[in-house]
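Numbers here simply count residues along the sequence, with the first being 1. Remember, it's 1-based here, ligands and their atoms both numbered in the order they're listed.
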Amino acid sequence: MDQYRLPRVLVFPLPAQGPVNSMLKLAELLTLQGLHVTFLNTPSIHHRLLLHTDVQARFSDYPGFLFKTISDGLPQDHPRSGDSVMEVIRSINTNSKSIFKHMLASDELGSESSPSVTCMIVDGIFGGFATDVAEELQIPIIHFRTLSACCIWVNMSIPNVIEAGELPIRGNEDMDRLIKTAPGMESFLRCRDLPSFCRVSDVQTDPNLQVFVQQTLQSPRAQAIILNTFEDLEGPILSHIRTLCPKIYSIGPLHEHHKLRLAKKEASQFSNSLFEEDRSCMAWLDAQPSKSVIYVSFGSITVITRDQLIEFWYGLVNSKARFLWVARPDLVAGEGQIPAELLEETRERGYIVGWAPQEDVLGHKAVGGFLTHSGWNSTLESIVAGVPMICWPYFADQQVNSRFVSEVWKLGMDMKDVCDRKVVERMVNDLMVERKEEFQKVAEEMSTLAMTSLHEGGSSYSNLDLLIEDISNGRLGRQ
Ligand code: UDP
């Protein structure tokens with residue numbers, strides 16, 4: 001085949017661990033099918049990837065694969081971790097349009113054999129400016145939403161929720177009040193389950209809420225949407241989204257999809273971590289009884305206070321369960337002493353690492369529960385592994401995800417808005433002992449559905465094939 005006729009796909013993720021991880025996996029899946037791919041990172045994320053992984057060597061095996069970088073428009077020493085990710089997103093949305101357009105128009109993102117980008121897959125959080133550029137240069141664009149479909153649908157409904165006077169949340173609000181104007185969720189979505197950015201007094205101008213909602217409303221402008229989910233999990237919600245965006249490729253859970261298709265090529269699993277992984281926890285897990293350990297991780301962005309740390313820690317220690325805890329170096333804001341009794345009891349039943357190989361941890365037979373911040377990638381990884389969850393959402397989509405985990409999918413419990421050692425202890429006991437079989441059964445069933453969707457004939461498997469075909473044949477028309 002004439003190389004010049006090969007399509008080149010640009011993949012441009014939101015610069016944070018979850019989206020970079022899942023979009024790099026998609027990039028590799030496209031590459032495996034012979035597509036030429038350019039992966040566009042911010043310099044700081046690319047630097048961290050190079051520092052902690054072997055991506056450079058790994059992707060150098062693929063002809064036509066390129067890593068490129070684009071500035072996020074912030075000074076080099078500007079904070080980018082924790083909540084600062086929202087500033088990075090806002091800065092890219094404000095500052096990057098002209099450089100992005102220039103890079104595409106000047107063929108800077110291509111190689112000699114496939115110089116021009118013929119299709120873009122861009123994180124939907126950049127849907128506005130990237131779609132403007134796509135339209136100006138007449139390049140088909142697909143929005144990849146790395147959030148749950150349920151949160152996307154809530155975002156799409158927020159203008160109606162505001163219009164109906166159900167937002168803003170006022171002082172002394174009953175946070176358990178049901179929201180009636182998010183179709184399909186009328187019977188269970190409470191005020192407290194709305195995305196965290198809704199907890200502001202000025203819903204018309206708050207910058208984070210604006211980014212979150214306005215960018216989602218750009219989705220119908222794209223030729224198609226990619227979602228990291230599967231039909232048996234979010235089918236009813238996907239039907240709602242399809243009323244606005246008919247062309248959706250649901251291809252998740254992407255991490256497992258990647259693993260399965262790569263296995264066919266005799267490749268093993270690789271890390272896309274932006275932090276240094278501490279694999280010593282795997283040997284510790286090997287020494288623990290089956291399903292006895294609760295894995296505790298709040299993802300790559302969450303920041304907790306010293307008091308919250310101590311509450312979680314006492315709750316875990318008092319529950320008498322074994323636990324493996326990811327305490328990132330930047331997890332806790334503020335200094336303080338750790339009570340000696342906590343350290344002592346942790347030595348007996350607990351293990352702490354700075355960053356874990358999470359997919360491997362969740363797949364380990366010793367792990368029987370996950371205390372999670374309900375990030376979408378963590379939620380999917382837990383579902384695939386058949387591990388029930390205790391949810392303690394921190395921000396953004398996590399408030400919605402945790403409600404679905406507990407109330408709709410019945411895969412665990414939701415602890416949102418509470419951080420108290422007694423509640424932690426009780427929930428850990430429920431998950432790991434009292435209601436263990438009940439949760440385990442549902443989790444195993446959902447895991448089976450997830451795996452079925454990823455095998456030949458399954459919905460995610462077929463949708464990925466279709467996506468690749470549509471890109472390869474230039475069949476991405478209007479939605
Ligand atoms: N993760 C990991 N090791 C850890 C904690 C997290 O590899 O110790 C990975 C996890 O597997 C997931 C990602 O980091 O793929 C976190 O993404 P998620 O969407 O759950 O949360 P975020 O970090 O975006 O809040």
Checklist entry - What are the atoms of ligand 1, with element, lying closer than 4.0 Å to any heavy atom of Q398? => result 25 (O)

Next on the checklist: Tell me whether the rings of F65 and F67 are parallel (<30°), tilted (30 to 60°) or perpendicular (>60°).
Outcome noted: perpendicular

Next on the checklist: For F144 together with F12, are the ring centres under 6.0 Å from each other?
Outcome noted: no

Checklist entry - Quick one: which of G299, P357, A356 has a heavy atom closest to atom 3 (N) of ligand 1? => result A356

Next on the checklist: Can you name the atoms of ligand 1, numbered from 1 with element, that are less than 4.0 Å from a heavy atom of V326?
Outcome noted: 8 (O)

Checklist entry - With respect to atom 17 (O) of ligand 1, which of T379, T372, N377 exhibits the smallest heavy-atom separation? => result N377

Checklist entry - Hey, is F395 one of the residues with a heavy atom under 4.0 angstrom from ligand 1? => result no

Item to check | Option set R328, K25, E381, H255, criterion heavy-atom distance to atom 12 (C) of ligand 1, minimum | outcome: E381

Checklist entry - Counting both backbone and side chain atoms, is some N or O of N21 under 3.5 Å from an N or O of ligand 1? => result yes

Sequence neighbours left out, cut at 3.5 Å: what donor-acceptor pairs do the side chains of residues 207-214 make with other protein atoms?
| unit_1 | atom_1 | unit_2 | atom_2 | d |
| --- | --- | --- | --- | --- |
| N208 | OD1 | R90 | NH1 | 2.6 |
| Q210 | NE2 | V203 | O | 3.3 |
| Q210 | NE2 | Q204 | O | 2.6 |

Item to check | Proximity flag A16 to ligand 1, non-hydrogen atoms under 4.0 Å | outcome: no

Next on the checklist: Ring-plane angle category for F298 and F312, please: parallel below 30°, perpendicular beyond 60°, tilted otherwise.
Outcome noted: tilted

Next on the checklist: Heavy-atom count check: over 12 atoms from other residues, nucleotides or ligands less than 6.0 Å from E348 CD?
Outcome noted: yes

Checklist entry - Around E438, counting heavy atoms of other residues, nucleotides and ligands shown, do more than 12 lie under 6.0 Å from its CD? => result yes

Item to check | Pairwise side-chain contact, N401 with C150, heavy-atom cut-off 4.5 Å (strictly under) | outcome: yes

Checklist entry - Below 4.5 Å, heavy atoms only, C-beta onward: do I70 and F100 meet side chain to side chain? => result yes

Checklist entry - Which residue holds the protein heavy atom closest to atom 16 (C) of ligand 1, what is that atom called, and what is the gap in Å? => result S378 OG, 4.2 Å

Checklist outcome for this item: side chain to side chain donor-acceptor pair (under 3.5 Å) pairs touching residues 403-412, sequence neighbours excluded, are D193-R403

Checklist entry - Closest non-hydrogen protein atom to atom 23 (O) of ligand 1, residue and atom name please, with distance? => result S300 OG, 2.5 Å

Checklist entry - Using heavy atoms and a threshold below 4.0 Å, how should the contact between F298 and ligand 1 be classified: side chain, backbone, both, or neither? => result neither

Next on the checklist: Using a 4.0 Å cutoff against the non-hydrogen atoms of G375, which atoms of ligand 1 qualify?
Outcome noted: 18 (P), 19 (O), 20 (O), 21 (O)

Checklist entry - When you measure from atom 9 (C) of ligand 1 to every protein heavy atom, which one gives the shortest distance, and what is it? => result W355 CZ2, 3.8 Å

Next on the checklist: Give the atom numbers and elements of ligand 1 that come within less than 4.0 Å of a heavy atom of W376.
Outcome noted: 19 (O)

Checklist entry - Nearest non-hydrogen atom to atom 21 (O) of ligand 1 belongs to which of Q17, E277, H373? => result H373

Next on the checklist: For F323 and W325, take the angle between the two ring planes, folded into 0 to 90°, and tell me which bin it lands in: parallel under 30, tilted 30 to 60, perpendicular over 60.
Outcome noted: perpendicular

Next on the checklist: For ligand 1 and S297, I'd like to know whether there is a polar contact (N/O to N/O, distance under 3.5 Å).
Outcome noted: no

